[in-house]
Amino acid sequence: MNDSAVKNKPHVAEKDLCSRDTPTALNKPWIRVIINFLACMLLGVNFKNINSSFFTSVIMFVIPMLTDILNHKRGNKRACFFYFAEICLLFVALIVCLLGIFGILCIVNVEGDPNIMIQLDYAFFPGCHCKASYLLLIVFASFFLTVCDMFSATYSFEQVLITNMLS
């Protein structure tokens, strides 16, 4: 297709650039719930003995979940709330994990509990720490929000029923 055709008919170029992929049978909200549940269980195993590789483990969970969530749009306000809250939590986890992977944060044991600490040689707030279980709590909260999102979604058959009832 030449440039003049694209300029005169922008809808043609837009249509040609769109993906023709169709969702598979596994593209369901309950699949996300199962993946979230398994990730929560696996990330909690041997939690007292975690080290800085924990950041890599969490990010391996967060990135696919964010990719999946951002590929969907929500149709009602209640679902949008859960959708937005889950995206915010996962972005917080992503940022914390990236800071850990880049070496700004590390895992240290304080009184037998793993803590996320800002490196002592970092310019801002060196040595500040919080419990590493808070990062795990974000992952668990993401699971809870995924379940809420699944039950708050409006399915096409529900829209047909509502439309028929109102008319």
Side-chain angles (χ1 to χ4, degrees), residues 14 17-155:
E14 185 179 306
L17 293 175
C18 291
S19 172
R20 290 183 174 83
D21 295 345
T22 54
T24 65
L26 296 177
N27 190 13
K28 306 285 186 223
W30 58 269
I31 294 291
R32 259 191 25 238
V33 169
I34 291 171
I35 291 169
N36 258 329
F37 177 75
L38 291 175
C40 288
M41 295 302 107
L42 291 174
L43 289 172
V45 171
N46 204 15
F47 184 72
K48 291 284 184 183
N49 298 321
I50 63 171
N51 55 26
S52 291
S53 65
F54 182 68
F55 296 122
T56 306
S57 300
V58 173
I59 210 166
M60 296 285 290
F61 160 76
V62 169
I63 289 176
M65 292 308 295
L66 268 174
T67 304
D68 183 55
I69 291 167
L70 293 173
N71 283 326
H72 294 89
K73 290 184 179 177
R74 299 298 180 253
N76 62 45
K77 287 183 181 179
R78 184 178 58 232
C80 284
F81 170 77
F82 295 124
Y83 172 77
F84 181 71
E86 188 172 4
I87 288 173
C88 289
L89 282 178
L90 290 175
F91 266 116
V92 167
L94 178 67
I95 290 168
V96 168
C97 290
L98 286 174
L99 291 174
I101 289 170
F102 294 148
I104 296 170
L105 301 176
C106 64
I107 303 283
V108 295
N109 277 327
V110 176
E111 298 175 8
D113 288 330
N115 280 257
I116 298 172
M117 183 180 82
I118 299 174
Q119 290 285 3
L120 295 173
D121 59 351
Y122 191 68
F124 303 104
F125 309 109
C128 288
H129 59 88
C130 69
K131 293 186 178 197
S133 58
Y134 295 155
L135 184 57
L136 198 59
L137 187 64
I138 289 174
V139 174
F140 288 160
S142 172
F143 168 70
F144 172 72
L145 289 170
T146 302
V147 172
C148 292
D149 184 35
M150 181 180 74
F151 287 115
S152 69
T154 305
Y155 298 97

Please determine whether side-chain contact (heavy atoms from CB on, under 4.5 Å) holds for the pair Ile69 and Tyr83, giving the CA-CA distance in whole Å, both sets of side-chain angles, and the decisive distance to 0.1 Å. CA-CA 8 Å; Ile69 291 167; Tyr83 172 77; 3.4 Å; yes
Criterion side-chain contact (heavy atoms from CB on, under 4.5 Å) on Thr146 and Phe37, from CA distance to verdict: CA-CA 10 Å; Thr146 302; Phe37 177 75; over 6 Å; no
After noting the C-alpha distance and the side-chain angles of Glu86 and Leu90, does the key distance pass the side-chain contact (heavy atoms from CB on, under 4.5 Å) rule? CA-CA 6 Å; Glu86 188 172 4; Leu90 290 175; 4.0 Å; yes
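- Applying the side-chain contact (heavy atoms from CB on, under 4.5 Å) test between Cys97 and each of Leu105, Leu135, Thr56 identifies Leu135 as the sole match.
- More than 12 heavy atoms of other residues, nucleotides or ligands shown are found within 6.0 angstrom of CZ on Phe140.
- In terms of the side chain to side chain donor-acceptor pair (under 3.5 Å) criterion, residue partners of Ser53 (sequence neighbours excluded) are, by chain and number, Asn51.
- The CD1 atom of Ile107 sits 12.0 Å away from the CG atom of Asn49 when rounded to the nearest 0.5 Å.
- Taking both residues in full, the closest heavy atoms of Leu89 and Ala141 are given as CD1-CB, 3.6 Å, listed atom of the first, atom of the second, then distance.
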Show me the donor-acceptor pairs within less than 3.5 Å that the side chains of residues 58-66 make with the rest of the protein, sequence neighbours left out.
none

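- Remark: Phe84 CZ is loosely packed, at most 12 non-hydrogen atoms of other residues, nucleotides or ligands lying under 6.0 Å away.
- Here the CZ-CD1 distance, from Phe143 to Ile34, works out to 9.5 Å after rounding to the nearest 0.5 Å.
- Contact detail for Ser52 and Cys106: the closest heavy-atom pair is OG-CA, 4.0 Å.
- The minimum heavy-atom distance between Pro126 and Tyr122, with the atom names listed, is CB-O, 3.5 Å.
- Going from atom OG of Ser142 over to atom CG of Leu137 covers 11.0 Å, rounded to the nearest 0.5 Å.
- Counting only residues at least two apart or on different chains, the side-chain hydrogen bond (donor to acceptor under 3.5 Å, both in side chains) pairs with a member in residues 94-115 are Lys48-Asp113, Asn115-His129.
- Note that the CD1 atom of Ile101 and the CZ atom of Phe55 stand 8.5 Å from one another [nearest 0.5 Å].
- Between Ile116 atom CD1 and Lys131 atom NZ the span is 12.5 Å, to the nearest 0.5 Å.
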Verdict with supporting geometry, Leu136 and Phe54, side-chain contact (heavy atoms from CB on, under 4.5 Å): CA-CA 10 Å; Leu136 198 59; Phe54 182 68; 4.2 Å; yes
